[in-house]
J.: 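This structure is in structure tokens; I'll ask about it shortly.
Starting from 1, each residue takes its place in the sequence as its number.
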Amino acid sequence: MTPPSLRLGTPAGAGTLLAAVLASGMVFLDGTVVNVALPRLGEDLDATVSDLQWTVNGYLLMLAAFVLLGGALGDRFGRRRVFLLGVVWFTVASVLCGLAQDTGQLIAARLLQGAGAALLTPGSLSVLQASFHPDDRGRAIGAWAGFSGVSTALGPFVGGWLIDQFSWRWIFFLNVPLAVLVLLAALRWVPESRDESASRTRTKGAGRRRFDVLGTMLGAVALAGITFALIDAPARGATSVAVLLAVAAGVLASVAFVLVERRRGETAMLPTGLFTSRIFSVLNVFTVVIYAALSGFTFFVAVFLQNVAGWSALATGVALLPVTVLLLVGSPVAGDLATRVGPRLPLTVGPVVSAIGLVLLREAGAEASYWRDVLPGVFLFGLGLALVVAPLTASVLAAVADRFAGVASGFNNAASRAGGLLAVAALPLLVGLSGTDYERPDELTAAYRGALAWCAALLLMGAVLAVVFVRRPRRAPPPSQPCQSLPAATGPEKGTGAAS
């Protein structure tokens, strides 16, 4: 196998970086802008609260369930090939989203879009890792993170303007020209690469290497069943046959997933030996609650500012911009702090600061002033997240042996997506928001304040977990877990992209 040799200063290196940055930008853009589009989308398609929930969660469900498989497919069949497939798939699904004439069509297209993102997202980073010369690899990944962060920051401006001037549909159509540039750059400059050990037809004593398709499908059914039950319970009734069947399917699939992963050994999507590390287990629970709070906040505040405070889509997007800016600027500082003093301090203080921000934001009302009622809370919320993201990612990777870094990173990212998925599904049920209540200012205000209280409680729960359990992790391989033939799995990075 030819060693990676791309250099940043060459046309091929610049073109490969461009393809990775623009591809990530498409995914991040949709993550930051779709929430802003929900009120206009709901009005245009006569959507209920559950329709809006599925618009967000259909995408998150497929991404969380299949991102590990997407990374493994790239390792086996070629990272560029799967990356290109993901770009085309994501773009076609984006066009279908923009053309949707009712909520059923939109939700189906969002499910397809999430599947495309599961192929695209791990590839956008793995092609850099596999293509660049070791001397330039760190700078290439750093440039990718910086430019991807810029695209995330531009999302609220561009998306909000498109929604106000044209239609919510254009936030999806915008992916078409971006995808054309990605495809041209990737076909021209990105070299093909794969994990040769994953491509062999036989390994000693193991026979043909297999993908953990069964584990992947069980994980998807578990998430889908629980999500369906939470979203549809208000409309159908908690004791309806459909809801009870969904709960049963989710619980049984969850149990079966654990049993299958324990038996699969080296072909498991998720080696269960990782969870013999207590700090790894705790950090992933921490990830779920923190990203649940983040997703719950972004879901409710975007609708509240437009349907109660009367703000435009552009003004709403810009109001949330400090969160992204603070993540971009503050994450490296927080990472350095965690290196010096350990992760416990930032992982404790960060959620508390963010919770204070949400308490301040609860006081906003119909006459909300940006400078008085919104900016202080948004600033504190973003500051707290900036303290958390980099130390959390580094601590998860440090909690396991180096050979498990890809699996650990992928699972932690899936945990963050799952946290957001469950929050968007559960919070409207918890605060009594259903039907078209989001169009009624009084009902929406009460639900908004209740949801932010729940999100603040989740953040404080995360702080308690950090105080009680988090210490500076030690690298140690999980006992009794084979290490020589684990399937590689690359998860999407968090950093700036986590806020999506």
Side-chain angles (χ1 to χ4, degrees), residues 30-62 93-114 159-175 224 227-237 240 242-243 246 295-296 298-317 366 421 423-448 450-451:
D30 275 26
T32 56
V33 174
V34 167
N35 281 322
V36 176
L38 290 177
R40 303 291 183 85
L41 181 158
E43 181 182 0
D44 190 21
L45 299 182
D46 195 24
T48 64
V49 170
S50 63
D51 293 329
L52 300 185
Q53 289 172 278
W54 276 115
T55 298
V56 174
N57 275 353
Y59 178 85
L60 289 176
L61 172 64
M62 299 299 284
S94 297
V95 173
L96 294 176
C97 288
L99 295 175
Q101 297 302 303
D102 56 47
T103 55
Q105 294 177 14
L106 177 60
I107 292 166
R110 285 286 281 172
L111 288 165
L112 289 173
Q113 194 183 35
W161 181 78
L162 287 173
I163 294 167
D164 286 339
Q165 297 299 317
F166 301 101
S167 165
W168 59 269
R169 299 177 186 275
W170 282 92
I171 66 173
F172 298 110
F173 293 148
L174 180 61
N175 289 328
T227 301
F228 178 89
L230 290 171
I231 291 177
D232 281 40
R236 298 174 183 267
S240 68
V243 170
S295 295
T298 54
F299 181 82
F300 273 89
V301 75
V303 179
F304 172 82
L305 289 177
Q306 292 177 73
N307 285 3
V308 175
W311 292 15
S312 67
L314 177 58
T316 300
L421 176 77
V424 173
L427 282 174
L429 174 63
L430 292 173
V431 299
L433 191 71
S434 62
T436 57
D437 289 347
Y438 70 95
E439 296 177 345
R440 303 182 181 95
D442 290 342
E443 285 84 349
L444 179 56
T445 299
Y448 162 82

J.: Under the criterion side chain to side chain contact (heavy atoms under 4.5 Å, CB included), which of T55, V56, V301 is the partner of N35?
T.: V56
J.: Under the side-chain contact (heavy atoms from CB on, under 4.5 Å) criterion, do Q113 and N175 qualify, and how do the steps go?
T.: CA-CA 11 Å; Q113 194 183 35; N175 289 328; 4.0 Å; yes
J.: Quick check: do L45 and W168 have side-chain heavy atoms less than 4.5 Å from each other?
T.: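 Counting from C-beta outward, L45 and W168 do come under 4.5 Å.
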J.: So how far is it from W311 CH2 to L305 CG, rounded to the nearest 0.5 Å?
T.: 5.0 Å
J.: Tell me whether R169 contacts the main-chain N or O of A100 through its side chain, where contact means a donor paired with an acceptor under 3.5 Å.
T.: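 The answer is yes, because a donor-acceptor pair under 3.5 Å joins these two groups.
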J.: Assess whether side-chain contact (heavy atoms from CB on, under 4.5 Å) is satisfied between F172 and D30, documenting all intermediate values.
T.: CA-CA 8 Å; F172 298 110; D30 275 26; 3.9 Å; yes
J.: Report the distance from atom CZ of R40 to atom OG of S312, rounding to the nearest 0.5 Å.
T.: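 Answer rounded to 0.5 Å: 7.0 Å.
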J.: To check you understand the geometry: which heavy-atom pair defines the closest contact between G296 and A423, and what is its length?
T.: N-CB, 4.2 Å
J.: Ignoring hydrogens and geometry beyond distance, is a side-chain donor-acceptor pair present between T48 and D51 at under 3.5 Å?
T.: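 Side-chain D/A pair, T48 to D51: present.
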J.: State the CD1-OG1 distance between I163 and T316, to the nearest 0.5 angstrom.
T.: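 Reported to 0.5 Å precision, the distance equals 9.0 Å.
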J.: Can you tell me how far apart CG (L38) and OG1 (T298) are? Round to the nearest 0.5 Å.
T.: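 Result: 9.5 Å between the selected atoms.
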J.: When rounded to the nearest 0.5 angstrom, what distance separates CG in L60 from CD in Q53?
T.: 12.0 Å
J.: Taking atom CD as the centre, does Q105 end up with more than 12 heavy-atom neighbours from other residues, nucleotides or ligands that are less than 6.0 angstrom away?
T.: yes
J.: Would you confirm whether R110, through its side chain, and Y59, through its main-chain N or O, come within 3.5 Å as a donor-acceptor pair?
T.: no
J.: Any sub-3.5 Å donor-acceptor pair from Q101's side-chain atoms to L99's backbone N or O?
T.: yes
J.: Show the numbers, then the answer: is there a side-chain contact (heavy atoms from CB on, under 4.5 Å) between F299 and L427?
T.: CA-CA 10 Å; F299 181 82; L427 282 174; over 6 Å; no
J.: Given side-chain contact (heavy atoms from CB on, under 4.5 Å), test L174 with L162 step by step and report yes or no.
T.: CA-CA 9 Å; L174 180 61; L162 287 173; 4.0 Å; yes
J.: Is the ring pair W170/F173 parallel, tilted or perpendicular, if the boundaries are 30 and 60 degrees?
T.: perpendicular
J.: S50 and side chain to side chain contact (heavy atoms under 4.5 Å, CB included): which partner among L433, N57, I231, L429?
T.: I231
J.: Give the ring-plane orientation class for W54 versus F228, where under 30° counts as parallel, over 60° as perpendicular and anything between as tilted.
T.: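 Because their plane-to-plane angle lies in the 30° to 60° range, the rings of W54 and F228 count as tilted.
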J.: For residues P39 and Y438, determine if any side-chain heavy atom of one lies less than 4.5 Å from a side-chain heavy atom of the other.
T.: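 Heavy-atom side-chain distance check fails, nothing below 4.5 Å.
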J.: To the nearest 0.5 Å, how far apart are CG in L52 and CG in L106?
T.: 9.5 Å
J.: Can you tell me if D164 uses its side chain to pair, donor with acceptor, with the backbone of L314 under 3.5 Å?
T.: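 Yes; judged by distance alone, with no hydrogens or angles, the pair exists.
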